[in-house]
**Q** 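For reference, the structure I am asking about is given below.
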2 protein chains.
Amino acid sequence: MSFKRTNPLALAVLALLSERPMHPYEMAQTMRERHQEEVIKLNYGSLYTVVESLRSHELITASATRKAGNRPERTVYAITEAGTRELHDWLRELIAVPAKEYPRFEAGISLVGLLPPDDALTVVEQRERAVGEQLAALAVLLERLAGMGLPQLAWIELDYRMAMLRAERAWLTWFATAIRDGTVGGHEHWEGQHR
Amino acid sequence: MSFKRTNPLALAVLALLSERPMHPYEMAQTMRERHQEEVIKLNYGSLYTVVESLRSHELITASATRKAGNRPERTVYAITEAGTRELHDWLRELIAVPAKEYPRFEAGISLVGLLPPDDALTVVEQRERAVGEQLAALAVLLERLAGMGLPQLAWIELDYRMAMLRAERAWLTWFATAIRDGTVGGHEHWEGQHR
DNA sequence: ACCCATATATTCGGTGCCGAGTATTTGGGA
DNA sequence: TCCCAAATACTCGGCACCGAATATATGGGT
């Protein structure tokens, strides 16, 4: 069986090992330090599963060592040539080809008609506020990163997220207004359903 | 153990049963007809798992029947009061509280610096085109739905998706230009890395 | 009257993921 | 120097999810 590009955590592992050999726990630490866990879900159990899977496909190799005092034996991994190729191919695919994502909000909003209009308005406004707060927090973070002299390329994904959050907030603002004003198509029927 | 709001397919099941009792296969069919599977991932195996889970938590009840010719015995399910409450609560939560989603593209773009700039440009342009095509297809679909006289509330999630796709395309256009012009922060270093 | 493609309806084994649990080491305070 | 909280490093059982396989029924064509 060839390697399956399911868990993006495997991508993170390949990316880290493309810098230098590491043992799993060190990968986790590094991901934390760089705030990568914001973008790629990190879970200890999954980390070791994923590392073992990469190893079994020979995309990385183990070079066991037992150094630095007498800590429990740590296994250090290094990326292989095939691993480097996989990293680049996977990366290109991830960027070039939009994946079906099934965002949870789409599922929720598609059924919003099941809630009475005033309940719907309340929750939409709540989300609008929450998204606004996320935007504010992100703006502060970007300010700090730019201030630290980090190049934009190092936090390009936050730039992207910012753009998406802005668009979501704008849509929520529109939808909230449309509910309030009763201008959303099908509003009479919606009201009629709930009383 | 109380019911866990993991698989949105369970939400779809509750929503369908809030209309009328059904057996699992009928739920799947109905989801197909209404293009709900575009928004909520449908998988037969998961469907039966999810139905059984809902039943075990008494959010739905089974009323076995063997009618309509001698088709294999079908189990018809109906929503309970607790199920209706769960449906509304879950729905409110899904809309009000933004969930951490880990979109695959964010993972990819966060590591774009690992690709040489010209490769990066190529894949970003590819995605830009792909998103453009999705947008066009969606516009046609919306036209058709509006033409059929369906109220906007019935396809509100497509409206939302449209807004998000527009924002993504705009961002991709900007980023592609920034790579081409070398105006993305850290461009010199990026170029230097790859030769 | 017969055939078989399609529709109907569900089962089941495999797998990847999760997160709580375990065991050891370090370092700082009393 | 002793203690213990925090850090280090990994393990493991359970479970949700997947999708391929199974089994029967229907209906249209010849």
Side-chain angles (χ1 to χ4, degrees), chain A residues 1-13 16 21-33 37 40-57 59-60 62-77 99-102 104 107, chain B residues 1-13 16 21-33 37 40-57 59-60 62-77 99-102 104 107:
Chain A
M1 271 286 275
S2 83
F3 178 72
K4 276 184 182 165
R5 294 168 177 175
T6 46
N7 197 341
L9 186 56
L11 184 78
V13 168
L16 288 167
M22 289 188 198
H23 56 98
Y25 193 81
E26 196 181 353
M27 299 174 199
Q29 269 183 125
T30 313
M31 285 187 68
R32 290 254 153 87
E33 277 167 25
E37 33 148 20
I40 295 176
K41 181 131 118 190
L42 169 59
N43 178 306
Y44 278 90
S46 307
L47 180 59
Y48 286 87
T49 309
V50 145
V51 163
E52 171 50 27
S53 164
L54 287 170
R55 195 205 54 72
S56 79
H57 288 90
L59 301 175
I60 64 179
S63 59
T65 49
R66 165 218 290 283
K67 58 166 198 178
N70 43 3
R71 292 269 188 72
E73 187 154 354
R74 302 169 313 175
T75 311
V76 175
Y77 295 89
K100 255 202 176 177
E101 296 267 14
Y102 303 94
R104 305 177 69 81
Chain B
M1 273 282 276
S2 83
F3 178 72
K4 276 184 182 165
R5 294 168 178 175
T6 46
N7 197 341
L9 186 55
L11 184 78
V13 168
L16 288 167
M22 289 188 199
H23 57 98
Y25 192 80
E26 194 181 356
M27 299 174 199
Q29 270 184 125
T30 312
M31 285 186 68
R32 291 253 152 88
E33 279 167 23
E37 33 148 21
I40 294 174
K41 181 131 119 193
L42 169 58
N43 177 306
Y44 279 90
S46 307
L47 179 59
Y48 286 86
T49 309
V50 145
V51 162
E52 171 50 28
S53 163
L54 287 170
R55 195 206 52 73
S56 80
H57 287 91
L59 302 174
I60 64 179
S63 58
T65 49
R66 167 218 290 283
K67 59 165 192 176
N70 43 2
R71 291 270 187 73
E73 186 153 355
R74 303 168 313 175
T75 312
V76 174
Y77 295 89
K100 255 202 179 178
E101 296 267 11
Y102 302 95
R104 304 176 70 79

**Q** Check every atom of D/dA9, D/dC18, C/dT11 against the side chain of B/S46 and return the nucleotide holding the closest atom.
**A** D/dC18
**Q** Heavy atoms from C-beta onward define the side chain here; which of D/dA20, D/dA9, D/dC17 lies closest to that of A/Q29?
**A** D/dA9
**Q** Between D/dC18 atom C1' and A/N7 atom CG, what is the distance in whole Å?
**A** 16 Å
**Q** Output yes when at least one side-chain N/O atom of B/Y44 is less than 4.0 Å from OP1 or OP2 of C/dT10, else no.
**A** no
**Q** Among the nucleotides D/dC17, C/dC18, C/dT8, which one has an atom lying closest to any side-chain atom of A/N43?
**A** C/dC18
**Q** Of the options D/dC10, C/dT10, C/dC18, whose atoms approach the side-chain atoms of A/T49 most closely?
**A** C/dC18
**Q** Hey, does A/E26 reach any base, or is it just sugar-phosphate, or nothing, if we go heavy atoms under 4.0 Å?
**A** nothing
**Q** Any idea which of D/dC17, C/dA20, C/dT10 is nearest the B/T6 side chain?
**A** D/dC17
**Q** Where the side chain of A/K41 is defined as all heavy atoms beyond and including C-beta, which of C/dC17, C/dC18, D/dC10 is the nearest nucleotide?
**A** C/dC18
**Q** Going through the checks in order, is the side chain to side chain contact (heavy atoms under 4.5 Å, CB included) test met by B/L47 and B/Y25?
**A** CA-CA 9 Å; B/L47 179 59; B/Y25 192 80; over 6 Å; no
**Q** If you only use heavy atoms from C-beta on, which nucleotide in C/dA7, D/dC18, D/dC10 is closest to the side chain of A/Y25?
**A** D/dC10
**Q** Using a 4.0 Å heavy-atom cut-off, does B/S53 contact any base of the nucleic acid, only the sugar-phosphate backbone, or nothing at all?
**A** nothing
